[in-house]
Amino acid sequence: MAEERNELNELNELSTTQTDHEYGASEIQVLEGLEAVRKRPGMYIGSTSSSGLHHLVYEIVDNAIDEALAGYCDHITVEILDGDVIKVTDNGRGVPVDIQAQTGRPALEVVYTVLHAGGKFGGGGYKVSGGLHGVGGSVVNALSEWMEVRVYKNGQIYEVKFSRGNMTQEMTVVGSTDRTGTEVVFKPDPEMFDDTVYDYETLHRRMREQAFLNAGVRILMADRRPGQEQEESMHYEGGIREFVTFINQNKSPLHEQVIYMAGSKEDSMAEIALQYCEDSYNEIIVSFANNVHTPEGGMHEEGLKRALTNVLNAYGKKVKILKDEDKVSGDDCREGLTCVISVKLTEAQFEGQTKAKLGNSEMRTLVNNVVSDKLEQFLEENPAVGKAILEKALMASRAREAARKARESVRRKTALESGQMPDKLQDCNERDPALCELYIVEGDSAAGSAIDGRDSRFQAILAMWGKMLNVEKARADKIYGNDKLYPLVLGLGAGIGDEFNIDKLRYHKIIIMSDADVDGAHIRTLLLTFFFRYMRPLIERGYVYSAVPPLYKLTRGKTTRVAYDDIQREKIAEEMRGGNPNVKIDISRFKGLGEMDAHELWDTTMNPETRTLRRITLEDAVAADNIFTILMGEKVEPRKEWIEENAKYALNLDY
Ligand code: TSJ
């Protein structure tokens, strides 16, 4: 993000120096600035795939969130309208409409036509999130077939309109009003995106996250597309405390109350909410910097981990749960922990492979200080909770030690060390992991087709079937002995849990290929949960994918084509009819991967030239982990509810 910003500034400077005398300087800047966005959209929104398409909405919503952070707005609505048009509304002060000195144009026009005009209005709202948000309006405008903005302010409704970044209607007063706020409506440009269909769940998940992170702000997420209408209003007075409760909803907490800590220094602030669960051995830390998710962690997470380990060890000694020679490790202190950290700071530095790791070292100090002070105080005041947490950490420590000893005694003889590959793996010839793909295939017949259909130079196949171990209750050491997961661990070659080493990984694309039915969803959930808990870097690095097999086969005489969804099915049927409604097209539904022969499987699902892969995100994995907990956990009620609720959707499961 930081890099993008510098580049943006350069582009703007560049364009202002090339003034053409026939036009006003501001106009030139506008055209050249936004032209750059259309030339290299990926630079501004990451990609032109589905992720970039959804990013447009986040850019716009961030502006409304900024207004909320400044204290002027508490209600935001996000709607998907017919035709995948997006409408975002807030009840803030409304974007300024007065004439700007430099450009001689209303600020409202400038916000959407000059790259990075956002921050220049210098309202208090940009102090915290400054430089990160509040700048995307013009980028979204450049990438929209059309965009309309209405500002409710001073008793009037002001309106501007654009097409692909060019203003088609200057700011005009179109009516009067007694409210204030900003309303943005845009249609992403099909010329710029691979696909312009929005996924409600993706937006919904993101808006829910924003509602948790900005306590008190009400966000309405609505799908108004005919036939798929739904909406949810999200509003959490408890903020990230409720986020933790939400993540733990199907687990059994070790202590009722979520522990909440907050503190600030100068322009920065940190808040931390955490709760331990008795029926989990898993660590979930979800961190944010300026409301941006940082799945790669960084300084704020380091501060938390350091403080947690120190406080728990000191407290344990003090209340004599830990003897003088005892020590609990960082991992022990985080077994069963769910924690949300949110920091806000003026100049966030994002680092790491995906720019999703916070680099500001002052955040390590701030979070460390807040947690050191406040957690110690909490434990002093709540000794029963303190005792329960310490005992859990001590148990973790003992189990880890026992597991290590057991492993060491058999280690040398195991296949893990010898590098021997499992029988169930049909390996590829290539040895460079960056070029290798592993397909994990459910069921014998599908695996057979995949083995025959693959390109064995770089595609390996691992067959998997049957019920797997209940990962919820198993510690890492048990998985070494599990006959369903062990071949997968061996095949990947990078170990598991504490000992996972991504440098040893043998494939950089791990593709789950399962049917679009209940069993397929089950296997996918199990695998994602397993990766999430024991090989999380796989997901963080974006190495895990879901194959997307076709749903329909269309035949006209000797011609056969396939479709991946209902909309495409209709489109292709239309094409095959060639405008003649009397032509009969035979449409059948693929019941499973096993029904496809080797050729069909290669053409539709495995050929890198033509296939679609869906990259699994950390959010997908968290969702799988949740469902897994419902299905396998100790609580009976949520499981019953989930099964009842999902029975009707069972065929459409997709995570
Ligand atoms: F992205 C965007 F520009 F399109 C957009 C901006 C979209 C949405 C949905 C909302 C907003 C937005 C901007 N909401 N509220 C504001 N507020 C201001 O721009 C604003 C208003 C007044 C003052 C002031 O100092 O008086 C300063 C600012 C930045």
Side-chain angles (χ1 to χ4, degrees), residues 8 30 33-34 37 44-45 54-81 85-101 103 105-144 146-163 165 167 169 171 177 179-188 203 206-207 210-211 214 217-222 290-291:
L8 285 181
V30 168
L34 295 196
V37 179
Y44 300 89
I45 52 164
H54 290 79
H55 201 92
L56 298 181
V57 182
Y58 312 154
E59 284 290 344
I60 294 298
V61 172
D62 281 348
N63 290 276
I65 297 272
D66 276 348
E67 186 74 354
L69 285 175
Y72 298 103
C73 152
D74 63 2
H75 204 146
I76 300 169
T77 67
V78 180
E79 295 165 282
I80 314 172
L81 308 181
V85 167
I86 298 290
K87 178 171 171 181
V88 181
T89 314
D90 72 22
N91 66 344
R93 290 167 293 178
V95 175
V97 292
D98 37 38
I99 304 288
Q100 267 203 315
T103 54
R105 301 298 315 170
L108 174 58
E109 292 178 4
V110 180
V111 170
Y112 293 94
T113 47
V114 178
L115 270 173
H116 275 234
K120 289 183 188 159
F121 297 104
Y126 292 105
K127 208 168 165 204
V128 157
S129 53
L132 239 197
H133 300 153
V135 293
S138 56
V139 170
V140 177
N141 186 19
L143 300 175
S144 293
W146 56 263
M147 180 175 209
E148 299 178 4
V149 187
R150 277 171 285 277
V151 169
Y152 299 73
K153 202 182 175 89
N154 313 328
Q156 298 194 295
I157 307 172
Y158 304 84
E159 184 182 74
V160 265
K161 294 187 182 180
F162 308 92
S163 172
M167 193 157 50
Q169 179 195 295
M171 190 177 85
T177 180
R179 54 167 286 231
T180 67
T182 304
E183 173 184 309
V184 177
V185 190
F186 65 93
K187 176 171 169 46
L203 293 181
R206 168 81 175 214
M207 293 313 133
Q210 291 300 316
N214 299 284
V217 179
R218 179 177 299 281
I219 304 183
L220 176 75
M221 177 70 228
N290 291 351
N291 289 341

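As the structure lists them, so they are numbered: ligands from 1, and atoms in each ligand from 1.
- Taking Glu183 as the reference, Arg150, Tyr152 meet the side chain to side chain donor-acceptor pair (under 3.5 Å) condition, with sequence neighbours excluded.
- Checking each of Ile60, Asn290, Asn214, Asp90 against Ile65 for a side chain to side chain contact (heavy atoms under 4.5 Å, CB included) leaves exactly one that passes, namely Asn214.
- Counting heavy atoms from C-beta outward, Val57 and Phe186 have side chains that approach closer than 4.5 Å.
- Separation of atoms CD (Glu109) and CZ (Phe162) is listed at 6.5 Å; rounding is to 0.5 Å.
- The shortest heavy-atom distance from Tyr72 to ligand 1 is not under 4.0 Å.
- The shell of residues lying under 4.0 angstrom from ligand 1, judged by heavy atoms, excludes Gly136.
- With sequence neighbours excluded, no residue satisfies ring pair (Phe, Tyr, Trp, His ring centres under 6.0 Å) with His75.
- If you run side chain to side chain contact (heavy atoms under 4.5 Å, CB included) between Leu108 and each of Val95, Asp98, Thr182, only Val95 comes through.
- Taking only nitrogen or oxygen atoms, main chain and side chain alike, Tyr112 does not reach within less than 3.5 Å of ligand 1.
- Under a 4.0 angstrom heavy-atom cut-off, Ala70 registers as lying outside contact with ligand 1.
- In this comparison of Val97, Asp90, Val184, the heavy atom closest to atom 10 (C) of ligand 1 sits on Asp90.
- Atom numbering of ligand 1 starts at 1 in the shown order; those under 4.0 Å from a heavy atom of Gly94 are 21 (C), 22 (C).
- Polar contact with ligand 1: absent for Glu59 (N/O pair, distance under 3.5 Å).
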